[in-house]
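Everything on this sheet refers to the single structure shown next.
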2 protein chains.
Amino acid sequence: MAGIKQVQRQTGVALWRQIADRIREAISRGAYDETGMVPPETVLALQFGVNRHTVRSALAALAQEGIVRAVQGRGTLIERKERLNFPISRRTRFTDGLRDQARETHAILLGHAEEAADAEVARWLRIEQGTPVIRLETVRDADKRPVARGTSWFPAARFAGIGEIYRKTESITKAFAVLGLSDYVRATTEITATHADAGDIADLELTPGAVLLITKAMNTDLEGVPVQYSISRFAADRVQFTIEN
Amino acid sequence: MAGIKQVQRQTGVALWRQIADRIREAISRGAYDETGMVPPETVLALQFGVNRHTVRSALAALAQEGIVRAVQGRGTLIERKERLNFPISRRTRFTDGLRDQARETHAILLGHAEEAADAEVARWLRIEQGTPVIRLETVRDADKRPVARGTSWFPAARFAGIGEIYRKTESITKAFAVLGLSDYVRATTEITATHADAGDIADLELTPGAVLLITKAMNTDLEGVPVQYSISRFAADRVQFTIEN
DNA sequence: GAAAATTTGTCCGTATGTATT
DNA sequence: AAATACATACGGACAAATTTT
């Protein structure tokens with residue numbers, strides 16, 4: 001390899017930014033495709049003629065952008081990504097929506113409980129605060145990769161036992177069917193984005209600083225009665241939403 | 001103030017994480033509401049009994065979450081935020097949608113140009129690649145705060161001069177009206193999220209690591225002919241989208 | 001308006017811990 | 001078990017931006 005162009009000091013652009021730009025460019029050029037990894041920090045530090053910590057600042061920035069992912073003891077891996085598409089419509093179904101995009105999907109029930117509806121849940125489900133609801137905590141995988149984790153609430157009186165049914169069927173649609181609700185529709189969806197918290201990082205196998213797409217959604221039966229309120233947290237670099245009007 | 005509980009070493013949780021958690025909690029408790037700022041790094045370092053760099057790691061994490069914002073020479077400010085709501089529907093109008101939520105909105109035209117449609121623009125506008133299109137670069141403000149920046153493309157043959165008209169009217173809807181298109185509808189919207197790049201940070205007054213909501217949207221006239229394709233980049237901590245089905 | 005003090009930003013060097021190979 | 005590689009933490013120095021004097 002020919003000599004590497006050194007970074008420039010006192011230019012008004014911090015060294016770590018220059019280095020981040022150079023590494024980002026090298027990655028997109030395919031310079032590290034053989035190994036799928038960035039060279040070790042010590043090597044990069046030598047190449048750019050800076051301290052290892054300066055390289056670490058650059059790599060931290062790239063990790064935050066989702067371009068690389070550092071694994072202690074192994075190295076810094078280059079991330080490549082394709083996004084799963086989630087259409088949002090009146091007929092939005094989580095699992096069905098993935099059918100053509102992933103060979104294998106799973107819905108794992110982390111836990112379920114019966115509790116009293118708080119103000120937010122009560123408002124979305126249009127019930128009295130304090131009414132019993134069933135809460136489900138789930139993680140959804142597509143091809144062994146976690147895609148989203150979520151919390152759903154259901155009116156307890158109408159959907160008693162939905163937790164265990166969901167664990168077996170791995171599908172809200174099927175669980176509803178078992179409980180006598182043959183069809184339902186998506187009424188409203190609210191979308192925001194933020195950074196991943198500790199729970200997201202653990203459940204979705206993300207790195208600190210990762211971006212999340214968050215949906216708050218309410219489903220109703222065909223009479224317009226709310227049957228489910230859910231908050232889902234998607235790994236933003238693995239999904240996109242589409243709305244067709 | 002009574003003694004501050006020191007952080008604990010060798011517990012398997014990094015000091016900077018413990019400190020970030022403590023500061024986050026203090027902020028939500030309102031402990032710094034008088035000044036709206038976190039104490040200086042040197043003070044925090046003394047309080048927690050760690051080096052200033054360790055505090056900096058914690059503050060960097062909080063800055064990334066959008067909870068604080070460091071300003072060189074001033075201090076580390078606490079961010080408080082309310083989100084503007086953008087309904088996405090067949091009748092989605094950017095400016096109209098903000099009318100009840102902001103006293104004053106502006107659309108600034110950064111620049112416009114006529115160019116040949118690339119593959120992506122051609123696909124969305126359903127025209128031949130290479131067909132002339134007009135590109136508009138805009139930034140939108142609500143109450144003096146930038147909310148989104150975007151790029152829009154229009155078929156040049158049909159909307160000649162839209163750049164200058166938009167600069168005066170500050171509204172796509174009005175510009176369309178001037179050019180003889182009295183009504184239009186939102187056909188499709190694609191939503192993703194990612195980190196802000198350098199341009200976003202500058203135009204939207206963000207900090208590095210900020211989260212963006214990105215929409216790719218296509219509008220058609222009432223006959224279903226595409227009239228606009230746009231990519232908009234929203235500061236995620238200032239907006240949310242809602243979809244009513 | 002200029003100088004000083006304050007506060008965050010960058011960079012280096014070193015040491016040690018932890019996870020993986 | 002040893003080597004490798006990233007993670008954490010400390011200490012110091014100086015730069016840059018802002019506020020205060």
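Values in this document were obtained by computation on a predicted structure and should not be read as measured data. First the proteins, then the strands, lettered A, B, ... as listed; each starts at 1.
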5′-ward residue of the pair B:V38/A:T54 relative to DNA chain C: B:V38

Short side-chain N/O contact to D:dA17 OP1/OP2 from B:R74, under 4.0 Å: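 So the side chain of B:R74 is outside the cut-off, no N or O lying under 4.0 Å from OP1 or OP2 of D:dA17.
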
B:D197 and B:R233 ion-paired at < 4.0 Å: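 Salt bridge flag = yes for B:R233 with B:D197.
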
Sugar-phosphate, base or nothing in reach of A:L59, heavy atoms under 4.0 Å: nothing

Touch class at under 4.0 angstrom, heavy-atom based, for A:T76 against every strand present: sugar-phosphate

Main-chain N/O of B:Q18 paired with B:D21 side-chain donor or acceptor, under 3.5 Å: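 Side chain of B:D21 to backbone of B:Q18, a donor-acceptor pair under 3.5 Å: no, none is there.
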
Flag, side chain of A:D143 to backbone of A:E104, donor-acceptor distance under 3.5 Å: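 Checked: pair present.
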
d([atom1], [X]; [atom2], [N]) in whole Å:
X	N	atom1	atom2	value
B:E41	D:dA16	CD	C1'	14 Å
A:N51	D:dA9	CG	P	18 Å
B:L15	D:dT8	CG	P	10 Å
A:R52	D:dT4	CZ	P	14 Å
B:L77	D:dA17	CG	P	17 Å
A:Q64	D:dA7	CD	P	14 Å

Counterpart base for D:dA1, defined by Watson-Crick or G-U wobble contacts under 3.5 Å: none

Side chain to side chain, A:I191 and A:F241, heavy atoms closer than 4.5 Å: yes

Heavy-atom side-chain contact between B:H112 and B:E164 under 4.5 Å: yes

Nearest-nucleotide 5' precedence on DNA chain D, B:V55 against A:M37: A:M37

Which atom of A:Y32 lies closest to which atom of A:I23, heavy atoms considered: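 Looking at all heavy atoms of both residues, the closest pair is CE1-CG2, 4.4 Å.
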
Closest approach of A:R140 to A:T138 (non-hydrogen atoms, all atoms of both residues):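 Shortest heavy-atom separation between A:R140 and A:T138 comes out as NH1-OG1, 4.0 Å.
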
hbond_proxy A:H53 side chain to D:dA9 base (donor-acceptor, 3.5 Å cutoff):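 In this structure, the two groups form a donor-acceptor pair.
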
DNA chain C: 5'-most and 3'-most nucleotides touching chain A, 4.0 angstrom heavy-atom criterion: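 Here the contact window of chain A covers C:dT10 to C:dT21.
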
